[in-house]
Number of protein chains: 2
Amino acid sequence: MSASSGFGLDHLPYGIFSVDNDSPRVGVRLGDRVIDLHAATGRPCFAEPSLNAFMALGPPAWAATRAEVTALAQSADPPSYAVGAVRLHLPFEVADYVDFYASLHHATNVGAIFRPGQEPLLPNWRHLPVGYHGRAGTVVPSGTSVVRPSGQLGDATFGPSRRLDLEAELGFVVGVGSALGSTVAHDDFARHVFGVVGLNDWSARDIQAWEYVPLGPFLGKSFATSISHWVTPLAALEAAWTDLPGQEPRPLDHLAPDRARGLDIDVEVLLDGEVVSRPPYSSMYWSPAQMLAHLTSNGASLRTGDLFASGTISGPEPEQRGSLLELSWGGTEPFAGGRTFLEDGDEVVLRYSAPGTSGGRITLGEVVGRIEPAGG
Amino acid sequence: MSASSGFGLDHLPYGIFSVDNDSPRVGVRLGDRVIDLHAATGRPCFAEPSLNAFMALGPPAWAATRAEVTALAQSADPPSYAVGAVRLHLPFEVADYVDFYASLHHATNVGAIFRPGQEPLLPNWRHLPVGYHGRAGTVVPSGTSVVRPSGQLGDATFGPSRRLDLEAELGFVVGVGSALGSTVAHDDFARHVFGVVGLNDWSARDIQAWEYVPLGPFLGKSFATSISHWVTPLAALEAAWTDLPGQEPRPLDHLAPDRARGLDIDVEVLLDGEVVSRPPYSSMYWSPAQMLAHLTSNGASLRTGDLFASGTISGPEPEQRGSLLELSWGGTEPFAGGRTFLEDGDEVVLRYSAPGTSGGRITLGEVVGRIEPAGG
């Protein structure tokens, strides 16, 4: 597969790039090139160092820009750079970051590992998309090294995590905010969400296991969350919508159980170059629009740059599990020749692909991270 | 007590104000007046609509400005407005919001109410300051009405919360950030924290009780968090530092158990004008500097505008409980003439006072909120 594969006219994802020491600005990827949108259009929102100003303009501007970029991409010589010659940055300024737990198979596996012999799913799980807030300030772009976190691993010890994990997820990026005290209806998803990113929700399982009662994960997650450089606009995913696997019991009306749709996105998890898992996003229980409707059902407002993630994507089969916790069954069943949790120096790559609108496949931005040893 | 009481030369808190329709900018409260810092000094950071640019300058600039403002306040006629003639705004742009759970009495009460017959404190509680991330985008300034949130109150019902509560807390505002992968030592607290605000962490107990396993509070908290208009700089609290009540077992070394200090701040909770509780901040188990050291112990970075709150302040006595959940013992013991949880139209006021550096007392910014009925 060439580097340009999956970045054709049916994709055109947005990112933030700079060349040498000039100012970061908005670019669109086409094949192996990055089109300089400010140079091409002169519009001020494309000179910004984040996508936020553009994303805040809303769906009509997104559609008009996509048409314009499509024409530009087909023109003789749009202002552009080789993707290998630019530096890529965090694509947007993250407002609030929420992480869901929307995979039935992941939640079931985690429940079975942590609470053996008990019913693995907690009573609320099939009634609402369980979620929590994460740390927006430690969302980093693909390629950023991750320092192994230290923390309390039990009551009397403090040290580097020994159970450092990845979580293969998909992230949804809010472009258009909403007012405090109002709700966002399920069917208004595309009026607010601009696009999707790949996301690795790095997790220190030993820190998390000790700290998480009763208020949830905190330092076990807050040290880093990696996202792709490229934001794929929803318009490029029109052919990827698919039926959900099924929801039983029927969710409440505001979660629109008759209209909820999933996404047919294939994910690959690579450890040091080897594919160790292929989680299918189509196996997710809760839909993206259901997550957003739930998030705002109490009147919480949205802001441009809000990021909400799916939670770990795990399919029904063992080789479709999206975390090392599951792949190694809590560390008890080494896989891929003896692996359990992440070692210093390990490189994790998450890859995503989806049906494109032209009959082929598009390649979403990958998420890369290498583990560095714990700090002194 | 006159309106000017507690806002003397030993206090000088910072806020953001506007007059008529002009631009919000930085002001300092002195008695019944708000000094216009940009008009007085011409410095650009005081023309900003948030304190963030000023707070990012760090302790030497904070100290120099405090000396300058003190001189200005004693001068003949500093540019100022009557506090009743200005509009007050959110004082800073909130980056990440973290809420701790640092009161032994609150955690014990909540454990006893939710898990009767079991050990009320969970095993981790005395070893680390338990905390979680909240929603930064729904932090609102004092005076903002709070719409009663709706949500799932159990598996098959959706409706307005029937157990809407307040939580009297203190918030700490970060001025100077830190690098990802580094930690902030306990003793570096004052190099990063600019000041404190009053904080009401509104909570819908029925939404929270159903949603919170296993990932913690989400929609039961995310609809609104109110903070005071005024940020009291740490310099005004120098006389308020006091010993902690005691920590057993001894916390780990990075939590500096020999040097940890608490704050002697008195809190009053008023419901429709009547004082229903007087929680003493001096009864808190975990210190502010321990919370910050814990928050960054995994290498998580800080940003200007990060807000971390203490969690509900409850003292050992029944009349010192900082939430209605505790004051009514889970709704089973009505107090103050039949009250349990918040009713539509209720007005909640949180008041704070502390020893000043001149021998008297200073009055921190109050936090006011009125409950509006659930939306249609």
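This is a predicted model, so every value here is computed, not measured. Proteins come first, then strands; the chains are lettered A, B, ... in the order of their sequence lines, and each starts at number 1.
For B:A204, no part lies near chain A; criterion is any non-hydrogen pair under 4.5 Å. For chain B, no part of A:A107 is nearby; none of its heavy atoms comes within less than 4.5 Å. Residue B:V110 does not touch chain A at all, counting heavy-atom pairs closer than 4.5 Å. Interface remark: B:L128 contributes backbone and side-chain atoms alike to the contact with chain A (heavy atom separation under 4.5 Å). Only the side chain of B:L255 comes within less than 4.5 Å of a heavy atom of chain A; its backbone N, CA, C and O stay farther away. If you measure heavy-atom distances from B:P249 to chain A, you find no contacts under 4.5 Å at all.
The choice from A:P149, A:G137, A:P217, A:A95 that makes the most heavy-atom pairs within less than 4.5 Å of chain B is A:G137. Contacts with chain B were tallied for A:A136, A:G181, A:G177; A:A136 has the most, counting heavy-atom pairs under 4.5 Å. Of all the listed residues (A:G111, A:G131, A:G299, A:G220), the one sharing the greatest number of non-hydrogen pairs under 4.5 Å with chain B is A:G131. Most heavy-atom pairs under 4.5 Å with chain A: of the set B:V98, B:L122, B:L215, this distinction falls to B:L215. Listed options A:L302, A:I207, A:V213, A:L219 were ranked by heavy-atom pairs under 4.5 angstrom with chain B; first place goes to A:L219.
For A:F223, the ring pair (Phe, Tyr, Trp, His ring centres under 6.0 Å) criterion is met by no residue, not counting sequence neighbours.
Two residues are said to be in side-chain contact when any heavy atoms from C-beta on lie closer than 4.5 Å; A:V130 and B:F218 fail this criterion.
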Record all donor-acceptor atom pairs with a distance under 3.5 Å between chain B and chain A; write none if the list is empty.
unit_1	atom_1	unit_2	atom_2	d
B:D96	OD1	A:A136	N	3.0
B:D96	OD2	A:A136	N	3.3
B:D96	OD2	A:G137	N	2.7
B:N124	ND2	A:W210	O	2.9
B:N124	ND2	A:E211	O	3.4
B:N124	ND2	A:V213	O	3.0
B:H127	O	A:Q152	NE2	2.8
B:H127	ND1	A:D155	O	3.2
B:H133	NE2	A:R135	NH1	3.1
B:R135	NE	A:S301	O	3.3
B:R135	NH1	A:H133	NE2	3.1
B:R135	NH2	A:S301	O	3.0
B:R135	NH2	A:D306	OD2	2.9
B:A136	N	A:D96	OD1	3.0
B:A136	N	A:D96	OD2	3.3
B:G137	N	A:D96	OD2	2.7
B:Q152	NE2	A:H127	O	2.8
B:D155	O	A:H127	ND1	3.2
B:W210	O	A:N124	ND2	2.9
B:E211	O	A:N124	ND2	3.4
B:V213	O	A:N124	ND2	3.0
B:L219	O	A:N298	ND2	2.7
B:S222	OG	A:N298	ND2	2.9
B:N298	ND2	A:L219	O	2.7
B:N298	ND2	A:S222	OG	2.9
B:S301	O	A:R135	NE	3.3
B:S301	O	A:R135	NH2	2.9
B:D306	OD2	A:R135	NH2	2.9

